[in-house]
Number of protein chains: 4
Amino acid sequence: MSAAAGAGPRGPGRPRSRESWSAILDVAAELLERDGYLKLSLDTVAARAGVSKRTIYRWWPSKGALAIEAYLAVAADRLTVPDTGSLREDLERYARDFVGLLTETATARTVAGLVAASFDDPELARAFREDFLGGRRAAAGEIFERARERGELRADADIGAALDDFFAPLWYRALFTGAALDGPYAADLADRLTAAYS
Amino acid sequence: MSAAAGAGPRGPGRPRSRESWSAILDVAAELLERDGYLKLSLDTVAARAGVSKRTIYRWWPSKGALAIEAYLAVAADRLTVPDTGSLREDLERYARDFVGLLTETATARTVAGLVAASFDDPELARAFREDFLGGRRAAAGEIFERARERGELRADADIGAALDDFFAPLWYRALFTGAALDGPYAADLADRLTAAYS
Amino acid sequence: MSAAAGAGPRGPGRPRSRESWSAILDVAAELLERDGYLKLSLDTVAARAGVSKRTIYRWWPSKGALAIEAYLAVAADRLTVPDTGSLREDLERYARDFVGLLTETATARTVAGLVAASFDDPELARAFREDFLGGRRAAAGEIFERARERGELRADADIGAALDDFFAPLWYRALFTGAALDGPYAADLADRLTAAYS
Amino acid sequence: MSAAAGAGPRGPGRPRSRESWSAILDVAAELLERDGYLKLSLDTVAARAGVSKRTIYRWWPSKGALAIEAYLAVAADRLTVPDTGSLREDLERYARDFVGLLTETATARTVAGLVAASFDDPELARAFREDFLGGRRAAAGEIFERARERGELRADADIGAALDDFFAPLWYRALFTGAALDGPYAADLADRLTAAYS
DNA sequence: AGATAAGCGAGACGGTACGTCTCGTCTTCAT
DNA sequence: ATGAAGACGAGACGTACCGTCTCGCTTATCT
């Protein structure tokens, strides 16, 4: 969350306006959900947030950077890391939450836009991978690490590979095939991973 | 390839220009490779192909439809379906070819753009799934079907699931993590699938 | 009137829209009168004329070029060249008309803006001198030339100098001192010039 | 120099900073010469003078007010009132100096910008007329008044009219026609005025 | 010696305009 | 009737400057 970082001991000068900052993120999240990333216009964000375009560009280097931050602020609540004491159970719960996010919100559309834009903007690509993907992988990673501490994981299990095996099919369905993403699928995915890595 | 279909017995008037048609596709493919889908401009295509924009819009309903057709025309050559008599070997060869396509051309960038645009254009979404994805899956599907005929596949093997397991991690790496896509990875993927489904 | 020039035998392509063209000039003239040149905004012209900004920029290279053309179209009617058979009388009538233009319309404000902008735009400077000033000087020049044909002018009279002597004090009052510009002043100016050059 | 006026018995609080004040004027004069009035930006002045924009606006009500003051401070040196004992000689010298100012510096550009801006700012118009024009006219007026004291002027000579006759053609050339402003022209102007008023 | 108060550099802010770009449609002329 | 040329309305882009505002700090005068 680059721009929001730290605050810390500011120098002189008028401080960043909290009202503007949160209005921008709120409006961006709302329009992202409604119009998708590709059709998101910073002109419109500025107008609806009652803010100057300059203010947006002062704090976010690109539409993508704003979209990532806006989206994360919203999505953070929806995805909590479960800790039931069972790998199988944790995976299923997390997969269910994730599937819900993908089907009930415009997450897939937003992410598709961000991925596409990332190919034209290295800084956006970095932010997307670190902030967006990294956050998700870290969360799901905890599930596997706790399983390892409990001795549930087989000795040679590679958590990185497990995370790939978890996310790849979900995103593939969400972005490519449009195949069902529902509770049973989440359960099935959890089963397969548990079988493979424990 | 809907737009090119049939011609049929037309009435009077100037016949459709074959030169224009192929010039448009050639230029589109070239610009797609150079600029990516998002930055592809039909103004530029028209200018470089010596063609009116009107003509483009007459035959293709949208930028995406043109891009799919232009891309398929080029990519078709690169991906042939191997038939070595061994599932393991066929899968590795096909995976190698596919990985080569992803790393040596702007395929990933193009596909990312098409996926993103598909969320705003149902007809494009349909064309993408049927022409683009469907073609790939049919090709790779042959590999599994031949293996089944040879008795290489286990009885309960679900070819649809196998195709998901094959493509999902490749696209996930190409679009999301940026992790290595090379010969060893292709071999590893072929190994894993062979183990799982035979 | 660069952009309006000649028409001639056009090639293919959609022709320039007469509606847009005249709407732009009308709105520009209206806003020029209301807001002055400096505060004239092409965004506003476009919006009120129901026209794309692109269309304005297609036909006029700058705000100044549009302003000159818009203004001339309006001012043309107000300044006719009198022909009474008397230098003194012609000068007074033309001076009165000109003074009327300066006091009853925002001409001075517009011209001040154009002059200022001319220093940053050589092409505008050229257009201003040729189209705007040149037109005025040609008109007033006719008065002196007819006087010369009638034998009213002294042998060594320099018409260029006479035009300077005519316009310089009018613009000086209009732009600098703000001193009275009225009927008596026009008469006085006509007297002085008649005395000096006949 | 309105803003510097009077000081008087101040209350508590920090006094105005002389360093900032003169840095602002210096930078403004420099940028005025380089960029002209229209393109002069107070953001840039503030940055280059190491000063807050707030400080500029505290002491000058507008860009124009600052520009007038900055310009006068510089131009004052260049125009001294000659006193040779001869109207003809004094006029020529003053005209030469003035012509030099107009041709060697960006005076005309600056003045054009101020005149244009004056139409949108009555206070600027007042300052321009009183401080800028008034100063010039007072200086040149001395020449005529001394000539009158010496008995060189004809009895009915109107000094105000003479000043108009002196400045009007100079500004007209400088701002409108761009015709030559040089030594010979200055001499000719001095001749004509001397002939007309003595 | 405090207290009070204004000036100051820094710089964020809402607003507005700039000039350019692309989209998808529309209009003409020439074939 | 088709097609190239290319104008059109719409509207987003990212930048610039305006004049105002808010900060934390400094420097004076007044108690």
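Numbers restart at 1 for each chain; the letters A, B, ... are given by sequence-line order, proteins then strands.
- If you measure from atom OH of B:Y37 to atom P of E:dT22, you get 15 Å, rounded to the nearest angstrom.
- Residues A:I68 and A:L124 form a side-chain contact, since some pair of their non-hydrogen atoms from C-beta on lies under 4.5 Å apart.
- One interatomic measurement links the two molecules: CD of C:E19 to P of E:dT27, which rounds to 11 Å at whole-angstrom precision.
- A:R14 places its CZ atom 17 Å from the P atom of E:dA10, with the value rounded to the nearest Å.
- Counting to the nearest Å, the P atom of F:dG14 and the CG atom of A:L124 are 12 Å from each other.
- Side-chain to base pairing of C:S52 with F:dA10: one donor and one acceptor N or O lie within less than 3.5 Å of each other.
- Here the P atom of nucleotide E:dG15 and the CG atom of C:D43 are 16 Å apart, to the nearest Å.
- Donor-acceptor pairing under 3.5 Å, judged by distance alone, is absent between the side chain of D:K53 and the base of E:dG11.
- When rounded to the nearest whole Å, the span between CH2 of D:W21 and P of E:dG9 equals 15 Å.
- A salt bridge links C:R109 with D:D120: the distance from a Lys NZ or Arg NE/NH1/NH2 to an Asp or Glu carboxylate oxygen falls below 4.0 Å.
- Residue D:S41 places no side-chain N or O under 4.0 Å from the OP1 or OP2 atom of F:dA16.
- Atom P of nucleotide F:dA4 and atom CD1 of B:I24 are separated by 7 Å, given to the nearest angstrom.
- With the nearest nucleotide of DNA chain E identified for both C:Y57 and A:R54, A:R54 has the one nearer the 5' end.
- Each of C:L40 and B:L40 lies near DNA chain E, and the nucleotide nearest C:L40 is the one positioned closer to the 5' end.
- No contact: D:L38 has no heavy atom under 4.0 Å from any strand.
- OP1 or OP2 of E:dC8 has at least one side-chain nitrogen or oxygen of D:W59 nearer than 4.0 Å.
- Counting any heavy atom pair closer than 4.0 Å across all strands shown, D:S62 reaches no nucleic acid atom.
- Looking at heavy-atom distances under 4.0 Å, A:I56 makes no contact with the nucleic acid at all.
- As judged by a 4.0 angstrom heavy-atom cut-off over every strand, D:S20 is placed among residues touching the sugar-phosphate backbone only.
- Phosphate proximity of E:dA12 to A:T55: absent, as no side-chain N or O sits under 4.0 Å from OP1 or OP2.
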